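Below is one structure, written out as structure tokens; comments come after it.
Protein chains get the first letters and strands the later ones, always in sequence-line order, with residue 1 at the start of each. Quick caveat: nothing in here was measured; it's all calculated off a predicted structure. Excluded from the calculations below are hydrogen atoms, water molecules and symmetry mates; all remaining heavy atoms, backbone and side chain alike, are included.
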Number of protein chains: 2
Amino acid sequence: MQTYYNNEITLLKTFDIRPLNHRVAVLEYLNTHRTHPTADDIYNGLKTTMASISRTTVYNVLHLLVDKKVISTVGIDAQEMRYDAQTTPHLHFKCDQCGKIYDMFDATIPEISLEPNFTVHNVTVYISGLCPDCSK
Amino acid sequence: MQTYYNNEITLLKTFDIRPLNHRVAVLEYLNTHRTHPTADDIYNGLKTTMASISRTTVYNVLHLLVDKKVISTVGIDAQEMRYDAQTTPHLHFKCDQCGKIYDMFDATIPEISLEPNFTVHNVTVYISGLCPDCSK
DNA sequence: TTCAATGCAAATTTTTTGCAAAGTC
DNA sequence: GACTTTGCAAAAAATTTGCATTGAA
């Protein structure tokens, strides 16, 4: 079985995750495909180069990486979960026309002030509209 | 079959939707259950009083109401879609501990300014954290 | 009577689970 | 050798579809 030597290994170790080949492969796929792929996208993308990988393993690895906060989920689609290796804070924009999802690094994450006694862990912002291509 | 005489009928007519009994019932359920129910919640809630209603119809009606913007979707759960008859702009807060979803009317919807050429239709904000009950 | 809406059952899609086999330290 | 991870197949959960029946204007 092929062995990976790259910085995904270092990253996983930082998070106290044993850098097994499948884990490295999933993380590498996410790092090189910044298109917010679904579990199925990842599975299909990897199975060509990685003879033995199963959907179960892709789900296992994704759940682990989300749990340990190495990656994050993008629940902008109604039907299936998407995943994102991007760690810089950013928003997601989905085009109503073409369906493409854009990262928005420039937009500022809003400061949300809630009623007292609510503790905020995370703020997620999804924006929908028309992308430049579809606005024409 | 029971016939409804209430303001849901008026509301549906406003949106150019024929106020058929099943539609009125689903909308009424959403108006009286401000708990962001799932399609299944609605189906189970209605089938006791409405002898003949099917899951298909619940989905049909929900899709129609969302399409016509009478109600909105709440995609805060990874697994299943939730629905909301609330029309006042507000945010959603989900407690990481108890899973309860809160409406946040006081929090201000952020002004998002994107790169030019992006047209914003809708901004959705999901907040996760601990609710007062679970913060104790 | 024409067209729209419904309900059933089956199919589809996404994700999870149980468990035996294989891999890792 | 003990413990973790994997893969298969099957199950589960949420949603959609095809189509015949029913209901509404």
Side-chain angles (χ1 to χ4, degrees), chain A residues 1-5 8-9 12-13 15-27 29 36-68 70-71 73-83 99, chain B residues 1-5 8-9 12-13 15-27 29 36-68 70-71 73-83 99:
Chain A
M1 193 189 268
Q2 185 196 354
T3 310
Y4 289 86
Y5 296 98
E8 271 84 21
I9 294 182
L12 288 172
K13 282 179 178 166
F15 282 89
D16 260 325
I17 299 169
R18 283 161 64 187
L20 307 178
N21 281 336
H22 290 138
R23 292 170 175 176
V24 173
V26 168
L27 185 54
Y29 185 94
H36 318 90
T38 64
D40 213 53
D41 292 336
I42 298 167
Y43 170 70
N44 286 310
L46 289 181
K47 77 174 174 197
T48 52
T49 50
M50 220 171 190
S52 94
I53 188 162
S54 71
R55 247 174 260 268
T56 309
T57 300
V58 171
Y59 278 109
N60 283 345
V61 172
L62 288 173
H63 289 165
L64 177 72
L65 296 180
V66 169
D67 256 25
K68 301 270 182 154
V70 184
I71 63 174
T73 55
V74 183
I76 204 169
D77 261 0
Q79 276 297 23
E80 52 194 347
M81 189 50 80
R82 298 175 167 277
Y83 296 88
Chain B
M1 193 188 268
Q2 185 195 355
T3 309
Y4 289 85
Y5 296 99
E8 271 84 23
I9 295 182
L12 287 172
K13 282 180 179 164
F15 282 90
D16 260 324
I17 299 169
R18 285 162 63 189
L20 306 179
N21 280 337
H22 290 137
R23 291 168 176 178
V24 173
V26 168
L27 185 55
Y29 186 93
H36 318 91
T38 64
D40 213 52
D41 292 336
I42 299 167
Y43 169 71
N44 287 311
L46 289 181
K47 77 173 176 199
T48 53
T49 50
M50 219 173 191
S52 94
I53 187 162
S54 70
R55 246 175 263 268
T56 309
T57 300
V58 172
Y59 279 110
N60 283 345
V61 172
L62 288 172
H63 290 164
L64 177 74
L65 297 180
V66 169
D67 257 26
K68 302 268 181 156
V70 183
I71 63 172
T73 55
V74 182
I76 204 170
D77 261 1
Q79 278 295 24
E80 53 194 343
M81 188 53 77
R82 297 173 168 280
Y83 297 87

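- When distances are taken from the side chain of A:Thr56 to each of D:dT16, D:dT15, C:dG18, the shortest belongs to C:dG18.
- What separates CZ of B:Arg55 from C1' of C:dA10 is a distance of 14 Å, to the nearest Å.
- Listed for the A:Asp67 side chain is no donor-acceptor partner under 3.5 Å among the backbone atoms of A:Leu64.
- Rounded to an integer number of Å, the gap from A:Met50 CE to D:dT6 C1' is 11 Å.
- For the pair B:Asn60 and B:Arg18, both in contact range of DNA chain D, the more 5′-proximal nearest nucleotide belongs to B:Asn60.
- A donor-acceptor distance shorter than 3.5 angstrom exists from the side chain of B:His22 to the backbone of B:Ser52, with no hydrogens or angles considered.
- Phosphate contact (OP1/OP2 of D:dT15, side-chain N/O of B:Tyr59, threshold under 4.0 Å): present.
- Side-chain proximity of A:Glu80 to D:dT16, C:dT15, D:dT5: nearest is C:dT15.
- In this entry the distance linking CG of B:Asp40 with C1' of D:dT16 reads 15 Å, nearest Å.
- At distances below 3.5 Å, not a single donor-acceptor pair connects side-chain atoms of B:Arg23 with backbone N or O atoms of B:Leu12.
- Rounded to whole angstrom, the span from the CZ atom of A:Arg82 across to the C1' atom of C:dT13 amounts to 14 Å.
- The phosphate of C:dT16 (OP1 or OP2) has a side-chain N or O of A:His63 nearer than 4.0 angstrom.
- At D:dG7, one or more side-chain N or O atoms of A:Ser52 fall inside 4.0 Å of OP1 or OP2 (strictly under the cut-off).
- Here the C1' atom of nucleotide C:dA22 and the CG atom of A:Asn21 are 14 Å apart, to the nearest Å.
- Side-chain atoms of A:His22 lie closest to D:dG7 of the nucleotides C:dC8, D:dT15, D:dG7.
- Of the charged side-chain nitrogens involved, at least one lies within less than 4.0 Å of a carboxylate oxygen, so that A:Arg82 and A:Asp77 count as a salt-bridged pair.
- Side-chain contact, B:Asn60 with B:Thr57: no donor N or O sits under 3.5 Å from an acceptor N or O.
- Atom OH in B:Tyr43 sits about 13 Å away from atom C1' in C:dT6, given to the nearest Å.
- Across the interface with DNA chain C, nearest-nucleotide mapping of B:Thr57 and B:Gln79 shows B:Thr57 to be the residue nearer the 5′ end.
- The interatomic distance linking B:Arg23 (CZ) with C:dT6 (P) rounds to 6 Å, in whole Å.
- The distance from atom CD1 of B:Ile42 to atom P of D:dA14 is 13 Å, rounded to the nearest whole Å.
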